[in-house]
Protein chains: 2
Amino acid sequence: MNTSMDAPRRTRIQQEKRELILEAALEVFSTHGFRGSTIDQIAEAAGMSKPNLLYYFRRKEDIHEALMQRLLDTWLAPLRELDDIGDPLTELRSYIRRKLEMARDFPRESRLFANEILQGAPRIMPLLAGELKTLVDEKAAVIKGWMRAGKIARTDPWHLIFSIWATTQHYADFDVQVRAVLGPNRGGDGRFEDAARFLEQLFLEGLKPKS
Amino acid sequence: MNTSMDAPRRTRIQQEKRELILEAALEVFSTHGFRGSTIDQIAEAAGMSKPNLLYYFRRKEDIHEALMQRLLDTWLAPLRELDDIGDPLTELRSYIRRKLEMARDFPRESRLFANEILQGAPRIMPLLAGELKTLVDEKAAVIKGWMRAGKIARTDPWHLIFSIWATTQHYADFDVQVRAVLGPNRGGDGRFEDAARFLEQLFLEGLKPKS
DNA sequence: CAAATTTTTGACCGATTGGACAAACGTTAG
DNA sequence: CTAACGTTTGTCCAATCGGTCAAAAATTTG
């Protein structure tokens, strides 16, 4: 009798069902927010009854927590990859490209994160001030090194990172507005390529050192 | 007996109380979203009983609708002011500055809007595809004229507007994250001036025509 | 096979939700 | 004063919420 889900020991069926639930919860939470989502909604999306769902996750908050935990890892992966080895401008350009690809391929994850932050990050505040701040500070130091070396224009590394986050995630979080404004023609599948071209020009020309 | 709130005829006390309710609702809706907010919360924030609130707004949705209606006007005002009369680069720079000031002075309005868009804009979709698209298309044409005249670099006007929205509203919608990452020192009141300086450099140097 | 264990479900519960309603209260005009 | 009207509130309601529980069903184990 192993009803405690805290233990890492899990059967094959438990892993599968938990995965199914998290997939459904991502869909529901990302579009309605935490309080706006109901367990019934998630259970129906996962194709199971509510008590059955609660057999795998005891509380609604446990689902959200598990979702956020795995989210942060994949979500910050592109920034972690920002390395000091290559050409600075190339590094930044590929970081922007990767972030934009994530906005295109994982819009639900982006909206889930945006929902949490919008409401004051009540559940992940410690992570922001801890793990996230450490990572950003570390990368800001790398960027500052590039500036001192004259490889890119001198500016604020932190706000540079913010602006990359903002512009790329905008195409996931505000996708509805983007498509509405662009209209049927320009708002089709090509909008991400247009965005990539524009952002590359905006950031690179703006960061180009004054030669 | 004038219990129908639809009619434009309103007493002085009705105007005052409706204003009080909308102010309280802005606070509540912007931090919890529509479904995450309760009428009781809004009523308490407005200092009145729930039935009394429902005397002025018959349904919860009516409050949200009234809030969104007045929001869009003030929210798009900076873009409406974008004119063809001045120097293009100066016009764009002051637009960015105004948008950033709105993010600083009216973060609740920004978050209310973000919440609505995040959830698929179920209540204002017609406005996005109608009024908003028209306005943006009109301003995009103005910007395109500047490009043809060689006043600013050639790029996509629509995505340029998106990037200005994204970068400025980021400081309202993601304020918690911004302050957490910047820390106590750099995350203080000066963060908006730092952001203004950074954004000015990012956009202007990137938009400068290749002379 | 049968026993033990895990998985699934129908029924149920207390709390909260948006909203209705009539009665009470306040204010103003005659 | 009093009648009429606008305002406020206590009480109530049906629906929905997150979550429990015992028992059935399915699966694994011996």
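Owing to the predicted nature of the structure, the values given are computational and were not obtained by experimental measurement. Chain letters run A, B, ... following the sequence lines, proteins first, then strands; residues in each count from 1.
- The listed nucleotides are C/dG18, D/dG19, D/dT9; the one nearest the side chain of B/Pro51 is D/dT9.
- Atom CD of A/Gln41 and atom C1' of D/dG19 are 17 Å apart (whole Å).
- Set against D/dG18, C/dG18, D/dT8, the side chain of B/Lys50 has C/dG18 as its closest nucleotide.
- To the nearest angstrom, P of D/dT16 lies 11 Å from CZ of B/Arg35.
- Using a cutoff of 4.0 Å between basic side-chain nitrogens and carboxylate oxygens, A/Glu109 and A/Arg70 are not scored as salt-bridged.
- Under 4.0 angstrom from either OP1 or OP2 of D/dT7 there lies no side-chain N or O belonging to B/Asn52.
- Rounded to whole Å, atom P of C/dT17 lies 14 Å from atom CZ of B/Phe34.
- Between the CD1 atom of B/Ile39 and the P atom of D/dT9 there is a distance of 16 Å, rounded to whole Å.
- The distance between atom CG of B/Leu53 and atom P of C/dA20, rounded to the nearest whole Å, is 13 Å.
- Atom pair B/Met48:CE and D/dG10:P shows a separation of 14 Å (rounding to whole Å applied).
- The phosphate of D/dT8 has neither OP1 nor OP2 within less than 4.0 Å of any side-chain N or O from B/Tyr55.
- The number of heavy-atom neighbours closer than 6.0 Å to CG of A/Asp189, taken from other residues, nucleotides and ligands shown, is 12 or below.
- We find that NZ of A/Lys17 is positioned 11 Å from C1' of D/dA26, with the value rounded to whole Å.
- Computed from coordinates, the B/Lys60 NZ to C/dA20 P distance equals 14 Å when rounded to whole Å.
- In the displayed structure, A/Lys133 atom NZ is contacted under 6.0 Å by more than 12 heavy atoms of other residues, nucleotides or ligands.
- The side chain of A/Gln14 contributes an N or O atom lying less than 4.0 Å from OP1 or OP2 of C/dT7.
- A donor-acceptor contact shorter than 3.5 Å is absent between the side chain of A/Lys99 and the backbone of A/Thr167.
- Across C/dG19, D/dT9, C/dG18, the shortest atom-to-atom separation from the side chain of B/Asp40 is found for C/dG18.
- Crowding of A/Phe106 atom CZ: a count of heavy atoms from other residues, nucleotides or ligands under 6.0 Å not exceeding 12.
- Two residues, B/Glu61 and A/Gly47, neighbour DNA chain C, and the one matched to the more 5' nucleotide by heavy-atom proximity is A/Gly47.
- Each of A/Thr38 and A/Leu54 was matched to the nucleotide of DNA chain D holding its nearest heavy atom; the match closer to the 5' end belongs to A/Thr38.
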